[in-house]
Amino acid sequence: MYGSIHEGNRKTLERMAQWHANGWIFQEAVATGAWDAMGQFTEGKAGILIGRPWVINSVKDVTTVAPDAVITAYPNIRQDNGEPTYQNAEVNDGWLMFNADFEHMDRFFEYYDWLYDAAFGTGDFQYGYLQDYDYDIVNDEVVFDSAKFDPPVTDPYMPGKATVLKNSPSLDKMQPYASVASGKEPETSAEIRAAADFETAPSMAAGYALAYEHRDEQLPTMFNAEPTATMKRSWEQLQTMEKQVYTNIIYGNEPIEAFDKFVEDWKAQGGEQITQEVNEWYQSVR
């Protein structure tokens, strides 16, 4: 089923509306982009920030306004009954589209396979894409902290951002951190990099290890196909309706009963048909 119409969201929205009314949630969150909203944390105005482990490194400047601040990763907030809450964790991020006349898919997949050397820590990219940029070898030791490069680099270029892809291929980013945290001697390039992060960015590294412990609470969508026929007609409208209703409830502009009406309207305006189409697709590919 589509997660946003699940009845559990009703109680969540009611709680968030209460927290927003109390001033416990950033009041302009809906109208503020993610990076600007993070400024609330780095300016010392927020105590809790929800995000992926890499975010920890992006908000460490909070210590300039709050010298005693300690940034630590925590598991997801628990439900009232003590059971976990869950996050949507996308497996895919973006799409690659090829011209219908493109005749060299074999060459593309050769390139794509080549990039996986960096993910597996083998072949041409055992430690990274480019020495002196995302890693260096100093005194026969692999170094990932650019400040320890020879010569040191203050603003390292990231070669992985220059591939054809939006994101470089990767395996489980959390597992190497969990292995190092458990005391395993680093062997793969991913584990060596994780060990380096435990030295230079311990809070972030610990966050990745913690995320691995709670990986069962991250649920990727099971639907990974092109939009269904009804999605193509109605999905944008349904998404707009959802955002408006959710926002209005949290901001106190509509009562919690608006959620019940939203669920009815969502189903009637194409959502129920989309759910059927998605499940038919899932059965066809199992």
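Nothing fancy with the numbering, it's 1 onward along the sequence.
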Between [X] and [Y], which heavy-atom pair has the shortest distance, and what is it?
X: Tyr135; Y: Leu130; value: CE2-C, 3.6 Å
X: Val263; Y: Ile5; value: CG2-O, 3.9 Å
X: Gly23; Y: Gln27; value: CA-NE2, 3.6 Å
X: Arg78; Y: Pro84; value: NH1-CG, 3.2 Å
X: Asn88; Y: Leu219; value: OD1-O, 3.1 Å
X: Tyr129; Y: Pro159; value: CB-CB, 3.5 Å

Within 6.0 Å of [atom1] in [X], more than 12 heavy atoms from elsewhere:
X: Glu141; atom1: CD; value: no
X: Lys184; atom1: NZ; value: yes
X: Tyr133; atom1: OH; value: no
X: Glu257; atom1: CD; value: yes
X: Glu236; atom1: CD; value: no
X: Leu96; atom1: CG; value: yes
X: Phe109; atom1: CZ; value: no
X: Trp54; atom1: CH2; value: yes

Atom pair [atom1]/[atom2] of [X] and [Y] - distance to nearest 0.5 Å:
X: Thr221; Y: Phe223; atom1: OG1; atom2: CZ; value: 7.5 Å
X: Ile56; Y: Thr72; atom1: CD1; atom2: OG1; value: 8.0 Å
X: Tyr251; Y: Met16; atom1: OH; atom2: CE; value: 10.0 Å
X: Asp61; Y: Ile71; atom1: CG; atom2: CD1; value: 8.5 Å

Below 4.0 angstrom, N of the basic side chain to O of the carboxylate: do [X] and [Y] qualify?
X: Asp172; Y: Arg215; value: no
X: Glu110; Y: Arg107; value: yes
X: Lys232; Y: Glu226; value: yes
X: Asp80; Y: Arg15; value: yes
X: Lys261; Y: Asp265; value: yes

Look only at the side chain of [X] and the backbone of [Y], and say whether a donor-acceptor pair between them is shorter than 3.5 Å.
X: Asn99; Y: Asp101; answer: yes
X: Gln283; Y: Asn279; answer: no
X: Thr247; Y: Gln244; answer: no
X: Thr228; Y: Met231; answer: yes
X: Asp136; Y: Val138; answer: no
X: Asn9; Y: Gly3; answer: yes
X: His6; Y: Gly8; answer: yes
X: Asp134; Y: Met158; answer: no
X: His214; Y: Asn76; answer: no
X: Asn248; Y: Asn253; answer: no

Side chains of [X] and [Y], donor plus acceptor under 3.5 Å:
X: Glu217; Y: Gln87; result: no
X: Gln273; Y: Arg233; result: no
X: Glu272; Y: Gln276; result: no
X: Thr230; Y: Glu277; result: yes

| task | Take Thr85 and Gln79, measure what side-chain hydrogen bond (donor to acceptor under 3.5 Å, both in side chains) needs, and give me the verdict at the end. | result | CA-CA 6 Å; Thr85 54; Gln79 300 182 50; over 6 Å; no
Here the ring pair (Phe, Tyr, Trp, His ring centres under 6.0 Å) pairs for residues 59-80, sequence neighbours left out, are none
Quick note, ring pair (Phe, Tyr, Trp, His ring centres under 6.0 Å) partners involving residues 184-208, not counting sequence neighbours, are Tyr177-Tyr208
Between [Y] and [X], is there a side-chain heavy-atom distance shorter than 4.5 Å?
X: Phe41; Y: Met38; value: no
X: Val278; Y: Tyr282; value: no
X: Gln218; Y: Tyr86; value: no
X: Val55; Y: Leu49; value: yes
X: Asp106; Y: His104; value: yes
X: Pro176; Y: Tyr212; value: no
X: Ile192; Y: Tyr127; value: yes
X: Thr275; Y: Trp266; value: yes

Sequence neighbours excluded, the answer for side chain to side chain contact (heavy atoms under 4.5 Å, CB included) partners of Gln126 is none
Residues passing the side chain to side chain contact (heavy atoms under 4.5 Å, CB included) test with Thr42, sequence neighbours excluded, are Val59
Is there a path of hydrophobic side-chain contacts, each under 4.5 Å between heavy atoms, that joins [X] and [Y]?
X: Tyr157; Y: Phe149; result: no
X: Leu238; Y: Phe262; result: yes
X: Ile50; Y: Leu13; result: no
X: Met1; Y: Trp281; result: yes
X: Val143; Y: Val180; result: no

Given the options Phe120, Trp114, Tyr116, Phe125 meets side-chain contact (heavy atoms from CB on, under 4.5 Å) only with Trp114
Residues at least two apart in sequence or cross-chain that pass salt bridge (Lys or Arg N to Asp or Glu O under 4.0 Å) with Lys60, listed by chain then number, are none
*Indicate, with yes or no, if the rings of Tyr112 and Phe108 have centres closer together than 6.0 Å.*
yes
> Tyr2 and Trp235: aromatic ring centres closer than 6.0 Å?
Replying inline: yes
The ring-ring contact (aromatic ring centres under 6.0 Å, His included) partners of Phe26 (sequence neighbours excluded) come to none
